Number of protein chains: 2
Amino acid sequence: MSHPKTISVDDAVVSCCAPLSDGAMSEIEAGDMAQIFGALSDPARLRMLSLIASQDEVCSCALEGPLGKSQPTISHHTRILLEAGLIIGEKRGRWMWWRVVPDRLKVVARILSV
Amino acid sequence: MSHPKTISVDDAVVSCCAPLSDGAMSEIEAGDMAQIFGALSDPARLRMLSLIASQDEVCSCALEGPLGKSQPTISHHTRILLEAGLIIGEKRGRWMWWRVVPDRLKVVARILSV
DNA sequence: CCAATACATTGACTGATGTCAATACTATGA
DNA sequence: TCATAGTATTGACATCAGTCAATGTATTGG
């Protein structure tokens, strides 16, 4: 039910993007940004993201080996990155192909500018 | 014992800085970066950081009100941001003054570039 | 030295999180 | 239609993380 078949980034909307020094962050924005940073706060997910970012697309099946985690754990982590809007997935055949969402990374980087 | 009197950023050393797309991230670097992102993954800490970043210096006592948290909780969060190298503190009189570490924010932003 | 103040630490509790075995789902190929 | 393969979901468990009351520490002012 959660995690619908049609995969999109709309789930994780971010109020958005003002640099940290632009005055006190609202509670809404803080919550949204915290979700994104939370997705980035696990070593396995960071390595996963770097593996995906290093190539155009990466299949889920190509992540188990390098990360040394079980298949359900890989699925769990891809879902968290998806819900944070950091990756997007497309199912082709039996394989799930993942790619990063550069714009979302830019949003995060912008927050940290100054 | 932990959290020594002389406050520095040396605790949280980061192997450092290559963009995500520069090949698979090492386990060491992933762990270090995950610590930093973990420090950023809480709404209270993000608002705290934005409050500090919006001014030159902010006293701990000036954080309790806006964040609506108890004094021990504020102390807990400043410590986590400190250990992540994101803020630095100086005690003057009875007050603890905090400021952000721009270079550390740049390190994080660089990771997210592409 | 004493009282007050600002902050840190400890201990306890609750809720979130990472992990995997077992199982269900879905698309392919025979 | 059936067996297989790639993913997703569920359930259970152990650990981590956020919170605050109570207490400790250090600095100031009297």
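Because the structure is a prediction, the values reported are computed rather than measured. In what follows, chains are A, B, ... by sequence order, proteins preceding strands, each numbered from 1. Atoms considered below: every heavy atom in the structure, side chains included; atoms not considered: hydrogens, waters and symmetry mates.
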If I take atom NE2 in residue B:His77 and atom C1' in nucleotide D:dC20, what distance separates them, rounded to the nearest angstrom?
11 Å
Apart from A:Trp97 itself, residues in the same hydrophobic cluster as defined by side-chain heavy atoms under 4.5 Å:
A:Trp95
Separation of C:dG18 C1' from A:Arg79 CZ (nearest whole Å)
15 Å
Within residues 65-74 of chain A, find the residues that approach DNA chain C with a heavy atom at under 4.0 Å, and present them sorted by residue number.
A:Lys69, A:Ser70, A:Pro72, A:Thr73
Summary of side-chain hydrogen bond (donor to acceptor under 3.5 Å, both in side chains) pairs that have at least one residue in residues 54-64 of chain B, sequence neighbours excluded:
B:Glu57-B:Arg92, B:Glu57-B:Arg99, B:Ser60-B:Trp98
To the nearest angstrom, how far is A:Arg94 atom CZ from C:dT28 atom C1'?
4 Å
Hey, what do you get for CD (B:Glu27) to CG (A:Leu67), rounding to the nearest 0.5 Å?
9.0 Å
Inter-residue atom distance B:Arg79.CZ - B:Glu83.CD, 0.5 Å rounding:
5.0 Å
Using whole Å, report how far CD of B:Glu83 lies from C1' of C:dT9.
13 Å
Please state how far atom CH2 in B:Trp98 lies from atom P in C:dA6, giving the value in whole angstrom units.
16 Å
For nucleotides 11-17 of chain D, which of its nitrogen or oxygen atoms have a protein nitrogen or oxygen under 3.5 Å away, and what is each distance?
none

Check: A:Ala30 main-chain N/O paired with A:Gln35 side-chain donor or acceptor under 3.5 Å:
no
Can you check the B:Trp97 CH2 to C:dA6 P distance for me, whole Å?
11 Å
List in chain and number order the residues that pass side chain to side chain donor-acceptor pair (under 3.5 Å) with A:Ser41, two or more places apart in sequence or in another chain; answer none if no residue qualifies.
none
Can you name the residues that form a side chain to side chain donor-acceptor pair (under 3.5 Å) with B:Thr73, not counting sequence neighbours?
B:Ser70
Exam field: side chain B:Ser75 to backbone B:Pro72, donor-acceptor pair closer than 3.5 Å:
no
Atom-pair distance (NZ on A:Lys91; C1' on D:dG6), nearest Å
7 Å
Which pairs of donor and acceptor atoms, one on a side chain in residues 44-51 of chain B, lie under 3.5 Å apart (sequence neighbours left out)?
residue, atom, partner, partner atom, Å
B:Arg45, NE, B:Ala39, O, 2.7
B:Arg45, NH1, B:His77, ND1, 3.0
B:Arg45, NH2, B:Gly38, O, 3.1
B:Arg47, NH1, A:Met25, O, 3.3
B:Arg47, NH2, B:Pro66, O, 3.1
B:Ser50, OG, A:Met25, N, 2.9
B:Ser50, OG, B:Arg47, O, 2.9

Would you mind reading off the bend of the helix from C:dC1-D:dG30 to C:dA30-D:dT1 from its two end axes, five pairs each, to 10 degrees?
30°
Assess whether side-chain contact (heavy atoms from CB on, under 4.5 Å) is satisfied between B:Ile52 and A:Leu20, documenting all intermediate values.
CA-CA 9 Å; B:Ile52 300 174; A:Leu20 276 175; over 6 Å; no
Rounded distance [0.5 Å steps], CE in A:Met33 versus CG in A:Leu112:
7.0 Å
Should B:Phe37 and A:Asp42 be marked as a side-chain contact (heavy atoms from CB on, under 4.5 Å) after you check the CA-CA gap, both sets of side-chain angles, and the distance that decides it?
CA-CA 8 Å; B:Phe37 284 120; A:Asp42 180 82; over 6 Å; no
Euclidean distance, atom CD of residue B:Glu90 to atom P of C:dA6 [Å, nearest integer]
18 Å
Spacing of B:Glu29 atom CD and B:Asp22 atom CG [to the nearest 0.5 Å]
9.5 Å
Contact list for DNA chain C against residues 56-63 of chain B - heavy-atom distance below 4.0 Å
B:Cys59, B:Ser60, B:Cys61
